[in-house]
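Beneath this line is the structure, given in structure tokens, with notes to follow.
Lettering of chains follows the sequences in order, A, B, ..., and the numbering in each one begins at 1.
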Amino acid sequence: MARSPPSFTNLILRRPTPRTLQNPNSQIRNIGASNDGTEFNQQNQDPINSNRYDNQNFIEIAREVSKIIRTRPRWEQTILSDFPTINFGDPHFFREVLMHQKNVFLSLRFFNWVSSQNGVLPDSLLCNEIFTGLVEAKAANAARNFLDSTKFGPEPACLEAYIQCLCGNGLIEEANDVFDQLKRMGKWPSLVTWNSALLGAIRARRTDLVWKLYVDMIECGVIVDVDTIGYLIQAFCIEEKFIKGHELLRQVLEDGHVPSKVSFNRLMSGFCKDRCYNKVSILLHTMIAKNHAPDIYTYQEIIHGLCKRKMRHEGFRIFNDLKDRGYVPDRVMYTTMINGLCKMKWLGDARKLWFEMIQKGIIPSEYTYNALIYGFCKTGQFNEVRKLYKEMCDRGYSKTTVSYNTMISGLCLHGRVEEAHALFKQMDENGITRDSITYNSLVQGFCKEGKIVEGTKYLYELLEQGLQPTTSSCTVLIEKLCQLGHMDEAKTLWKDMQDRGVKPVACNNDSILIGLSEQGYVAEGIEWLATMLKSRLKPQKETFERLVQVLSQGDKLDDALLVLGYMFKIGYALSECVCHSLVNRLCKDNSHHVETCIGDILQNG
DNA sequence: GTAGGGTTAG
């Protein structure tokens, strides 16, 4: 767009008429209608006053306006009456104000105000200036909104900076769109921009985007650097392909490049989780050899990896070792260790670390509170939970799904499902989102206490919310339904679960099998057993025994013997007490093949 | 100019 020559005549030059005084917006209604402004407000132009303001005045007024914007919080309410003759929407005046207005957010506010007055069509140079300012201020959302509302096309160089800004603020999808936009313009971003996009994708854990970007880079013939490779290693780590990540690391090392510590740390954390401790040790040595001193992050990843792999003793040993060697753990390190100790129910040690941390002046974070609250929940110390939870809220950490979930599952674990239920209801009142953990914990809590009506209710509510039930929730509910003889419901749930892609567990079949036999549906039970065996699902030994007992007590000796045959075929032996009761039962019977049967039983039992 | 880490079920 051609830049219009400075023209001050369309700016002010107008004695306020009664109409414009009544409606200040009419002053700037037509601004932007033409490039050079010659047609502006022609009917109101006052040729006598046209030259009253010279260049000097113009600059002074702009300076004054910019000062007012800077210093008066609600300048929008007064500015029109302060400057009744000023044409605020003139791009040149606007630019002049901007020149004195260093704060881009205030400029944006001024811009929005002028636009809201009459729908100004701003020129692209001005837009570019504001947009660049927002991008430099890393205000990604403001920049995006600005772009959306003005629909102007920034320069390619500016778009590159914008990509980096978006990535730095986690707006990965948006950055990806801008990449495509650049591509359409036939421009290719620099390596720095590619790398910032890769980093953004890593932070968002979007490895799909990492690979897409990488393919694009290669296709464009970009020469990648060691940072790029570092991000690829991290992407492998996110996908838990630690071996591949390690392989890539070895390659760059051979080429004489050393990626950042982050790549090493991630790999070590992964190998801890995979129990490949020799690889951890190799990496630690490589790191040191390459002049990357292991830092607090390195050890935190290792300790966290060990805790995740239930090697918490080992983690605690390293933690104490580090302290002895002069490392000063930070808040995250303390949180990680307190969490590990709580998982082991070592509440004494956890509490000791908690106080040690506070004594060193480190304030527990929301994570730290949740970790210790979890520990007290696990060990059933609900008085401590209450105290700590109150302290956490007093500190200004808001109530969250995680903290509620921790307490709900803790209460359920200790059979206090009614209290858990109260918290569950409280979540709604406090506007806290319930997730699948919330529901699944509560369903299991109710089922464990035999309250299947409530358990079923919340399982269905979970489904209504579009959440995924877990195998264990379904399992415990099926088991209870079977025990209480609600066989139709149990079978429906079992089928429903498979339709929804919940991984069924073999023991569901066992529950149904026993339930059917106990309820007297012998034929269906036997059929169910046959289907199981056909699909190579192996019922538990206890299931067979229970089945044999139910059948023999119900005078279904032939069926009992049939089941017994299956049982022996699988290779289970009969335990002594079941054997006794069965033999007793058979001896009362005068069946002709009793002897053969007893022979069989004794042989296999 | 200095990345990267930590919390809840089963």
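- Cation-pi contact between K343(A) and Y374(A): present, with separation from the ring centre below 6.0 Å and deviation from the ring axis of at most 45°.
- When every heavy atom of A293(A) is checked against every heavy atom of M287(A), the shortest pair comes out as O-CE, 4.3 Å.
- Among the atoms of the strands shown, only primed sugar atoms or phosphate atoms (P, OP1, OP2) are found under 4.0 Å from some heavy atom of T336(A).
- Here the two rings, on Y389(A) and Y369(A), have centers that are 6.0 Å apart or farther.
- If you check every strand for non-hydrogen atoms under 4.0 Å, R331(A) touches a base.
- Among V280(A), I243(A), L248(A), L249(A), the one residue that satisfies the side chain to side chain contact (heavy atoms under 4.5 Å, CB included) test with L267(A) is L249(A).
- Residues from residues 367-378 of chain A that place a heavy atom under 4.0 Å from any atom of DNA chain B, listed by number: Y367(A), T368(A), N370(A), Y374(A).
- Here the two rings, on F446(A) and F424(A), have centers that are 6.0 Å apart or farther.
- Between atom NZ of residue K241(A) and atom OG1 of residue T207(A) there is a gap of 7.5 Å, rounded to the nearest 0.5 Å.
- When heavy atoms are screened at a 4.0 angstrom cut-off, N265(A) is found touching base atoms of the nucleic acid.
- Under the 6.0 Å cut-off for aromatic ring centres, F376(A) and F382(A) do not qualify, their centroids lying 6.0 Å or more apart.
- Of all the residues in residues 293-305 of chain A, D295(A), Y297(A), Q300(A), E301(A), H304(A) reach under 4.0 Å from DNA chain B with at least one non-hydrogen atom.
- Ring centroid separation for the pair W194(A) and F179(A) comes in under the 6.0 Å cut-off.
- Shown here is K448(A), whose NZ atom has more than 12 heavy atoms of other residues, nucleotides or ligands within 6.0 Å.
- Using a 4.0 Å heavy-atom distance criterion, Q234(A) is classed as making no nucleic acid contact.
- Aromatic ring centroids of Y214(A) and Y231(A) lie 6.0 Å or more apart.
- Nucleic acid contact class of T470(A) (heavy atoms, under 4.0 Å, all strands): base.
- In this structure, F236(A) has its ring center at least 6.0 angstrom away from the ring center of H246(A).
- Heavy atoms of T335(A) sit under 4.0 angstrom from at least one base atom.
- Across all strands shown, T475(A) has no heavy atoms under 4.0 Å from either base or sugar-phosphate atoms.
- Along DNA chain B, the stretch of nucleotides lying under 4.0 Å from any heavy atom of chain A spans, 5' to 3', dA3(B) to dG10(B).
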